[in-house]
Amino acid sequence: MHKNRVSTYLIEEKGFVKEDIESIEGKWGKLPAFYAIVTFKNEPDVEYTYFAHDNDIFQFSYKITDKGGDEGIVEGNLKNYYPHF
């Protein structure tokens, strides 16, 4: 399943440990066909979007929740954000 691929990617390629990850929620859409919303324990008010396309997995974007915005979270202080270029 694609959700497991995202989890494996985060642990094996990005160096996270399972305990770093609060949740991974798989989503099916039109384009892309599959993506996952990942929340990390050290940033519970930020949702990161990962695409799992063919053999490639990458972080595509993030969303700061309203609560996170109220607490002053901005892109410059995100702990788990790494843009894919």
Side-chain angles (χ1 to χ4, degrees):
M1 172 175 244
H2 294 290
K3 178 180 165 182
N4 294 338
R5 287 181 52 214
V6 172
S7 177
T8 299
Y9 167 79
L10 291 171
I11 293 167
E12 293 182 4
E13 294 188 34
K14 290 299 180 184
F16 291 97
V17 294
K18 186 176 180 180
E19 292 76 22
D20 292 335
I21 302 167
E22 180 72 31
S23 66
I24 300 176
E25 183 180 354
K27 302 276 190 176
W28 289 98
K30 291 183 180 185
L31 289 174
F34 177 81
Y35 62 98
I37 304 297
V38 178
T39 304
F40 295 94
K41 288 185 180 176
N42 67 348
E43 282 185 312
D45 297 314
V46 181
E47 299 172 341
Y48 292 92
T49 301
Y50 286 81
F51 288 165
H53 179 71
D54 296 327
N55 292 326
D56 294 326
I57 299 172
F58 58 92
Q59 185 184 80
F60 179 73
S61 65
Y62 64 88
K63 177 186 174 208
I64 299 170
T65 66
D66 290 340
K67 180 181 174 190
D70 292 344
E71 293 176 357
I73 297 173
V74 296
E75 182 178 302
N77 62 14
L78 293 176
K79 299 172 185 160
N80 302 297
Y81 178 60
Y82 51 94
H84 176 75
F85 296 104

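If you're wondering where the values come from, they're calculated on a predicted model, not measured in any experiment.
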Side-chain donor-acceptor contacts of residues 61-71 below 3.5 Å, not counting sequence neighbours, with atom names and distances?
residue	atom	partner	partner atom	Å
Tyr62	OH	Glu75	OE1	2.6
Thr65	OG1	Asp45	O	3.2
Thr65	OG1	Gly68	N	3.1

Tabulate below the donor-acceptor pairs under 3.5 Å that side-chain atoms of residues 8-20 make, not counting sequence neighbours, or state none.
residue	atom	partner	partner atom	Å
Thr8	OG1	Asn4	O	2.9
Asp20	OD2	Val17	N	2.9

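Hydrophobic cluster membership differs between Phe40 and Val74, with clusters built from Ile, Leu, Val, Met, Phe, Trp and Tyr side chains linked at under 4.5 angstrom.
Between the side chain of Glu47 and the backbone N or O of Ile37 there is no donor-acceptor pair closer than 3.5 Å.
Closest non-hydrogen pair, Val6 versus Ala36, comes out as CG2-CB, 4.0 Å. The shortest heavy-atom contact between Tyr81 and Gln59 is CD1-OE1, 3.3 Å. Residues Ile24 and Ile21 come closest through the heavy atom pair CG1-CG2, 3.7 Å.
Note that OG1 of Thr49 and CZ of Phe58 are 11.0 Å apart. Values are rounded to the nearest 0.5 Å. Separation of atoms NZ (Lys41) and CG (Asn80) is listed at 13.0 Å; rounding is to 0.5 Å.
Inter-residue side-chain proximity for Ile73 and Val46 is flagged as met; some heavy-atom pair is nearer than 4.5 Å.
Using a 30° and 60° split on the angle between ring planes, Phe51 and Tyr35 fall in the perpendicular class, above 60°.
Partners of Glu25 by salt bridge (charged side-chain N to carboxylate O under 4.0 Å, His left out), not counting sequence neighbours, listed by chain and number: Lys27.
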